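Worth saying up front: this structure is predicted, and the values here are computed from it rather than measured. Protein chains get the first letters and strands the later ones, always in sequence-line order, with residue 1 at the start of each.
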Number of protein chains: 2
Amino acid sequence: MLIGQLAERAGVNPKTIRYYEEIGILAAPERTHAGYRVYDESNVELVTFVKAAQRLGLRLDEIKEILAFRERGEQPCAYVRDVLRREVGEIDDRIAELQRLRDELSALDRLADAEPGPGDGDSGPCPLIGHARESPRTARTP
Amino acid sequence: MLIGQLAERAGVNPKTIRYYEEIGILAAPERTHAGYRVYDESNVELVTFVKAAQRLGLRLDEIKEILAFRERGEQPCAYVRDVLRREVGEIDDRIAELQRLRDELSALDRLADAEPGPGDGDSGPCPLIGHARESPRTARTP
DNA sequence: CTTGACCTTCCAGTCGAGTGGAAGGATTAC
DNA sequence: GTAATCCTTCCACTCGACTGGAAGGTCAAG
């Protein structure tokens, strides 16, 4: 199959396939006489795998690592588990922070309902955010 | 105070201050005779505020919006609450996904302990990730 | 034989939030 | 007087994962 078919079957852009090849996620495939890339079912499988791994929050360089394990005939699960555990740890922090924020937010929701009116002198632009002053960093879902 | 002091007091790079000015987060300050930017306490407050808002996951353009509310003497809390609620909603999805992943992960941890050994034929590069095939997208904490 | 849908490469741009560095002016300390 | 340190502007680069577009080759259908 050609790049367009692979892309469609895996649900990605053909450009993405070439990009994966460029960064070493996919091996350079056979070409037709005309120079067209030729793929088979295993490539569909592979791209689908990459996308699944991405959904778990893995970066392409990590996925590449994992694929290298396979290359060497090793089970990458230990590595994968490390990566995922790290990820889960990071997310735990974020979850905790968000939980805290959510509690604060609903508390302030009630507060704001009870005590409305304009004015911006005392606690910065928004008292909501003033509460976050000492909290650790929290990043955004991209 | 000059830009270096402000930067240090707010815990950021001087470049960041200039960047904030460039994108309209900070107003252009007074200058000395020599063209140096001059700041006061309120700027420390402001940059600290921006950083706090970022910790809550707000983007700079959202923070700019919030500061514009203040400019107009309005309470931005309604807007802030909308933004935060959206954020919380997004995070909820991510939390749910992660919770699912974590359950899966610990289940597979036990599975992997019970049934070790190499081999890469049956379920893709890693059975851990094979499980994620049908899951919705999950993005990474940056 | 031409049209249109593919394919190729290469170059450049996107988003967000900065950061690095060069070239040059100002101020302070010794 | 001169060296160190700060400041200025401007331009370009970073990260990650693509995506857009131009210029050109190829292939099957009509």
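If you take CE of B/M1 and C1' of D/dC6, they are 16 Å apart, rounded to a whole angstrom. When rounded to the nearest whole Å, the span between CG of A/L6 and C1' of C/dC6 equals 15 Å. Note: CD1 (B/I17) to C1' (C/dA17) measures 14 Å, nearest angstrom. Rounding to whole angstrom units, CG of residue B/L2 and C1' of D/dT5 are separated by 12 Å. If you measure from atom CD of B/E8 to atom C1' of D/dC7, you get 16 Å, rounded to the nearest angstrom. Rounded to whole angstrom, the span from the CG atom of A/N13 across to the P atom of C/dT14 amounts to 18 Å. Between the CG atom of A/D61 and the C1' atom of D/dC18 there is a distance of 15 Å, given to the nearest Å. To the nearest angstrom, C1' of D/dC18 lies 13 Å from CZ of A/R18.
Nearest heavy-atom pair across B/L60 and B/I25 is O-CD1, 3.4 Å.
OP1 or OP2 of C/dG16 has not a single side-chain nitrogen or oxygen of B/K64 nearer than 4.0 Å. The phosphate of C/dG18 has OP1 or OP2 within less than 4.0 Å of a side-chain N or O from B/Q54.
Contacts of B/R37 with the nucleic acid, taken as non-hydrogen atoms under 4.0 Å apart, involve only primed sugar atoms and P, OP1 or OP2. In this structure, B/I23 reaches neither bases nor backbone, as no heavy-atom distance under 4.0 Å exists between it and the strands shown.
If you check D/dC7, C/dC7, C/dT19 against the side chain of B/Y19, the one that comes closest is C/dT19. Checking C/dG16, C/dT9, D/dC7 against the side-chain heavy atoms of B/R59 singles out C/dG16 as nearest.
Annotation: of the two residues near DNA chain C, B/A34 and B/L60, the 5′-most nearest-nucleotide partner is B/L60. The residue among A/Y36 and B/H33 whose nearest nucleotide of DNA chain C is located toward the 5' end is A/Y36. Residue A/K15 is the one, among A/K15 and A/T32, whose nearest nucleotide of DNA chain D lies closer to the 5' end (criterion: closest heavy atom).
For B/R37 and B/E30, the salt-bridge test fails: no basic side-chain N is under 4.0 Å from an acidic carboxylate O.
On a pure distance criterion of 3.5 Å, no polar donor-acceptor pair joins the side chain of B/Y20 and the base of C/dG18.
Residue-environment remark: CD (A/E8) stays at or below the threshold of 12 foreign heavy atoms within 6.0 Å.
In this structure, A/T48 contributes its side chain and A/V44 its backbone to a donor-acceptor pair below 3.5 Å. Although no hydrogens or angles enter the test, the distance criterion places a donor-acceptor pair under 3.5 Å between the side chain of B/E62 and the main chain of B/R59.
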